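Scroll down for the structure; my scribbles are underneath it.
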Amino acid sequence: QLAGVLATFASTFDLADVEGVCGDGVAGGTARSLAALVDRSLVARLSDTEPRFRMLESVRLFADSRSDRSAVRALHADWCQRQLGSSMTRHLFDFDVANWCITHFDDVTAAERRLAAAGRHTDAAALLAGSALAMHCDTGARAAGVLAEIPRIVDHLDDPHMVARVHLTGVLCGMAIRSPAAIAEHSRAALAAAEVAGDDTLCAIALVHRSWHTVLSDADAALQEVEEALRLAERGGHAAVTNLAAAYRAYHLAWVRRYDDAIAQAEAVAGDPPWDDDQGQATFVAVTLLAACELASRPERAREWLTPLLSYPSPERPMWGNLVVGAAVLASVGEIPEAVHLTERV
């Protein structure tokens, strides 16, 4: 019974993952059954120090063929959906969700494709929407794969809210693979769908992300877009979206060399230590902007932003762009070995 469940995992797994899929449905207890499979060398532990496991491929294929495949895959997909949730705020601002999605990316991808193949396109789209912030944090290869999946899903969607949210994932995938064309395409589509949905908050988010592309060619227009986003977000009473628009406003002000205004705006978003907030992406943008703006003229001040700079999406997995900025900050204050170390990580 448990072997059939383990066969649905697309990558490695730990006990909590298995219990999340199985619930209370394993006779004799999940932990005991998993240990028995390990003892029989049907499941391998990755190492003595890492409590993660993998099923041997030959065993996985055999177990999959003997299981109630559709039922077990439905359990696996439901588990992925529960972990990511349905909240747009969590999908776009919660780095804990992003970290889970990155760690379990192969499972999320497998579940999304199985749901799509079964005609459950809205559920598949929800998983794509749930991976939005994770794709922004990714190094590119995975984001490119998700980007290719988006048009195959949106053609089957009727709900403009979900269409907009899937296209927002496309925007963030475009950022990860450094594709202005993808950012422009999906930001336009996200805004159009959000306007059809009549959702001020969704429109504000779409405008913010469209401005990321607009600023490359027309900084004044980009500033107008984030000003409109601020107005819509404030009208909707959504603080995290308001702060996201304000953080991007700081970014665009720096782009036109209004550095003092940019720093003041970003400081208002970032706030004070320990930066224990639920803004996620907004704080990330503001902190990155502050470190980058300060390192040339006030390197010691830039150094103060290093800890939060290297904490997104987590201290164990900082984004490569932040490592680059962090290395520049360290070099600017004469901490050359530490700067080299960050550069080597990149």
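Because the structure is a prediction, the values reported are computed rather than measured. Every heavy atom of this structure was used, including side-chain atoms; hydrogens, water molecules and symmetry mates were not.
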Side-chain heavy atoms of H104 within contact of C80, under 4.5 Å: no
Any donor-acceptor N/O pair, S67 side chain to D64 backbone, under 3.5 Å: yes
Hydrophobic cluster of L46, others only, ordered by chain and residue number, side-chain cut-off 4.5 Å: none
Under 3.5 Å donor-acceptor pairs involving side-chain atoms of residues 180-188, not counting sequence neighbours:
residue : atom : partner : partner atom : Å
H186    : ND1  : H167    : ND1          : 2.9
S187    : OG   : I183    : O            : 2.7
S187    : OG   : A184    : O            : 3.1

Cut-off 3.5 Å, no hydrogens considered: what does the side-chain donor-acceptor table look like for residues 287-294, sequence neighbours left out?
residue : atom : partner : partner atom : Å
T288    : OG1  : F284    : O            : 2.7
E294    : OE1  : R298    : NE           : 2.9
E294    : OE1  : R298    : NH2          : 3.1
E294    : OE2  : R298    : NH2          : 2.7

Pairs where residues 197-206 contributes a residue and the test salt bridge (Lys or Arg N to Asp or Glu O under 4.0 Å) is met, not counting sequence neighbours: D200-R235
S311 side chain to S314 backbone, donor-acceptor under 3.5 Å: no
Partner set under side chain to side chain donor-acceptor pair (under 3.5 Å) for T214, not counting sequence neighbours: E225
Please set out all donor-acceptor pairs under 3.5 angstrom arising from side-chain atoms of residues 4-13, sequence neighbours excluded.
residue : atom : partner : partner atom : Å
T8      : OG1  : V5      : O            : 2.6
T12     : OG1  : R52     : NE           : 3.1
T12     : OG1  : R52     : NH2          : 3.4

S131 side chain vs A134 backbone, donor-acceptor pair below 3.5 Å: no
Pair H76 + W79: ring centers closer than 6.0 Å: yes
Non-hydrogen side-chain atoms of S33 and L37 separated by less than 4.5 Å: no
Heavy-atom pair of closest approach, residues L306 and G326: CD1-CA, 3.7 Å
Sequence neighbours excluded - salt bridge (Lys or Arg N to Asp or Glu O under 4.0 Å) pairs with any residue from residues 121-131: R120-D123
Shortest non-hydrogen contact from H91 toward A126: CE1-O, 4.1 Å
Distance-minimising heavy-atom pair for L253 and A262: CB-CB, 3.9 Å
ILVMFWY cluster membership beyond I336 - transitive side-chain contacts under 4.5 angstrom: V340
ILVMFWY cluster, W212 and V171 together (side-chain gap under 4.5 Å): yes
Linked, directly or transitively: L75 and W100 (ILVMFWY side chains, under 4.5 Å): yes
Gap between atom CH2 of W305 and atom CG of N322 - 0.5 Å precision: 13.5 Å
Gap between atom CH2 of W255 and atom CG of L216 - 0.5 Å precision: 5.0 Å
Residue pair P299 / V329, side-chain heavy-atom distance below 4.5 Å: no
Min side-chain heavy-atom separation P318-R345 under 4.5 Å: yes
All pairs passing salt bridge (Lys or Arg N to Asp or Glu O under 4.0 Å) where residues 243-256 contributes a residue, at least two apart: E227-R249
With sequence neighbours excluded, residues passing side chain to side chain donor-acceptor pair (under 3.5 Å) with R60: E57
Qualifying salt bridge (Lys or Arg N to Asp or Glu O under 4.0 Å) pairs with a residue from residues 152-174, counting only residues at least two apart or across chains: E149-R152
L84 and V97, any side-chain heavy atoms less than 4.5 Å apart: yes
Under the side chain to side chain donor-acceptor pair (under 3.5 Å) test, residues paired with E344 that sit two or more places apart: none
Residue of the set L133, N243, T283, V241 for which side chain to side chain contact (heavy atoms under 4.5 Å, CB included) holds with F93: V241
